[in-house]
Protein chains: 2
Amino acid sequence: MYEGPVQNLVDELGRLPGIGPKSAQRIAFHLLRLPAEDAKRLAKAIVEAKERVSWCRRCYNIAEGEQCRFCRDDTRDATLICVVEDARDIVAVERTREFRGLYHVLGGAISPIEGVGPEQLRIRELLGRLADEGVKEVILATNPNIEGEATAMYLARLLQPLGLRVTRIASGLPVGGDLEYADEITLGRAFEGRREVGA
Amino acid sequence: MYEGPVQNLVDELGRLPGIGPKSAQRIAFHLLRLPAEDAKRLAKAIVEAKERVSWCRRCYNIAEGEQCRFCRDDTRDATLICVVEDARDIVAVERTREFRGLYHVLGGAISPIEGVGPEQLRIRELLGRLADEGVKEVILATNPNIEGEATAMYLARLLQPLGLRVTRIASGLPVGGDLEYADEITLGRAFEGRREVGA
């Protein structure tokens, strides 16, 4: 459709997640209109990220070097592991400033439809850490959807016999939300997870 | 939020049109998970497009070299110029296989709100071509919205005294559309532009 290098750029952009053919065209033409140094800064950022960033050998978060910044940080509580599906979830947890332990990235969730079973996730690696690192509590912070719940259930059954505390993050109404508009499953969970109001 | 090179990549991606912070994160992590050669292919496509592609000196379409593939093509009818707002619009016109003339890219449309007047568009360059190239008809194919219509009106008034045919692409119901759901302005245009049914 376009001249070679432009078509090539549109094709490459169209391979990115969430970028359809129209967006790919729009972004390609935006890049063509940019000053060369601005466009090349993006190219450089891609190359640098690929060269300098890899995965933490301990928790599978993104890392510069062998271990990620949380695993390298001695002030974090190593007896507490928060299990997440994806490295991006770590940023969401960090934003809460509620958690000072370490992480473990599973690399997905159990999903029979997508052919993902427990053996595709980094569960063996998690068990290895539990054996080595004196962990006291594992917080299951997989997504509150079908796959995430199934994964949490599976891990809970696997970990409870090991004699450590296994917890699941709470489901309920989002803060600032509205009872009237809550779906029945979320509201049901909010009732299920109700707590005594302190005196 | 992230390690240096990752944050840098997220920031650069977030500068692209239509890419919000969440999409930028998603794309960045997708790139981090890709094999290095796949990610670098995107970086290379950006650099190559910037190095090899520029703008046609005659019509301001994208071009490898001095002139774009339409301006270089002797089989195209050089007496017919289709005026579009953006180089991407050319692809849409080409897909129709209805047009065999040349193009002229204005680089936008008249929009007082965005501070774009006729002097910001490549109208002087269009007038230069009309003087030099023996053009017989100018087809105004700016967008059928307020800015595009204003630009077409402006150009029509400017070009009609030059003694050439000036036409505007038709507005009306999209083929496959439904009268019931048509907005009143489009339907009004469809009535206005009605044509005798051939015998």
Side-chain angles (χ1 to χ4, degrees), chain A residues 1-13 15-20 22-56 61-65 68-69 86-88 90-92 94-95 107, chain B residues 1-13 15-20 22-56 61-65 68-69 86-88 90-92 94-95 107:
Chain A
M1 195 58 90
Y2 294 105
E3 333 282 282
V6 179
Q7 189 60 50
N8 189 27
L9 179 56
V10 171
D11 292 345
E12 288 295 336
L13 289 167
R15 287 202 184 94
L16 298 176
I19 307 285
K22 284 277 162 200
S23 301
Q25 281 177 33
R26 193 163 150 225
I27 295 173
F29 275 81
H30 170 84
L31 289 169
L32 288 171
R33 269 189 296 261
L34 277 186
E37 62 268 33
D38 291 355
K40 287 182 181 174
R41 219 172 42 226
L42 169 58
K44 207 173 139 223
I46 295 169
V47 172
E48 277 203 351
K50 290 305 287 183
E51 280 170 359
R52 287 174 51 192
V53 179
S54 58
W55 308 98
C56 176
N61 185 18
I62 46 169
E64 284 191 89
C68 77
R69 56 183 166 150
D86 192 280
R88 274 176 297 167
I90 292 177
V91 173
E94 283 298 304
R95 264 198 296 259
Chain B
M1 195 60 89
Y2 294 106
E3 334 281 285
V6 179
Q7 188 60 50
N8 189 25
L9 179 55
V10 171
D11 292 346
E12 287 296 336
L13 289 167
R15 285 204 184 91
L16 298 176
I19 307 284
K22 285 277 162 200
S23 301
Q25 281 177 34
R26 192 162 149 226
I27 295 171
F29 275 81
H30 170 84
L31 289 169
L32 287 172
R33 270 190 296 262
L34 278 186
E37 62 267 33
D38 291 356
K40 286 180 182 175
R41 218 173 41 228
L42 169 59
K44 206 173 139 226
I46 296 168
V47 172
E48 277 201 351
K50 288 305 287 183
E51 279 170 359
R52 287 175 50 192
V53 179
S54 59
W55 308 98
C56 174
N61 184 18
I62 47 170
E64 285 191 87
C68 77
R69 54 183 165 148
D86 192 282
R88 275 176 294 167
I90 291 177
V91 174
E94 283 297 305
R95 264 197 297 258

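In the text below, chain A, chain B and the rest are named by the order of the sequence lines, each starting its count at 1.
- If you measure heavy-atom distances from A/Arg52 to chain B, the contacts under 4.5 Å come from the side chain alone.
- Contact annotation for B/Ile90: neither backbone nor side-chain heavy atoms come within less than 4.5 Å of a heavy atom of chain A.
- B/Arg95 touches chain A through its side chain: at least one heavy atom from C-beta onward sits under 4.5 Å away, while N, CA, C and O do not.
- Heavy-atom minimum distance, A/Tyr2 versus B/Arg69: CA-NH2, 3.7 Å.
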Which donor-acceptor pairs under 3.5 Å do the side chains of residues 29-41 of chain B make with protein atoms, sequence neighbours left out?
residue	atom	partner	partner atom	Å
B/Arg33	NH1	A/Asp86	OD2	3.2
B/Asp38	OD1	B/Arg41	NH1	3.3
B/Lys40	NZ	A/Glu51	OE2	3.3
B/Arg41	NE	A/Glu12	OE2	2.7

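- Ranked by heavy-atom pairs shorter than 4.5 Å toward chain B, the options A/Val91, A/Asp11, A/Ile19, A/Val6 are led by A/Val91.
- With a threshold of 4.5 angstrom between heavy atoms, A/Ala28 does not approach chain B through any atom at all.
- Annotation for B/Leu9 and A/Ala49: closest pair CD2-CB, 3.7 Å, computed over non-hydrogen atoms.
- Counting all heavy atoms, side chain and backbone alike, B/Glu64 lies closest to A/Gly4 at OE2-N, 4.0 Å.
- Options A/Leu13, A/Asn8, A/Ile27 differ in how many heavy-atom pairs under 4.5 Å they form with chain B, and the most are formed by A/Ile27.
- The choice from B/Ile62, B/Val53, B/Leu16 that makes the most heavy-atom pairs within less than 4.5 Å of chain A is B/Ile62.
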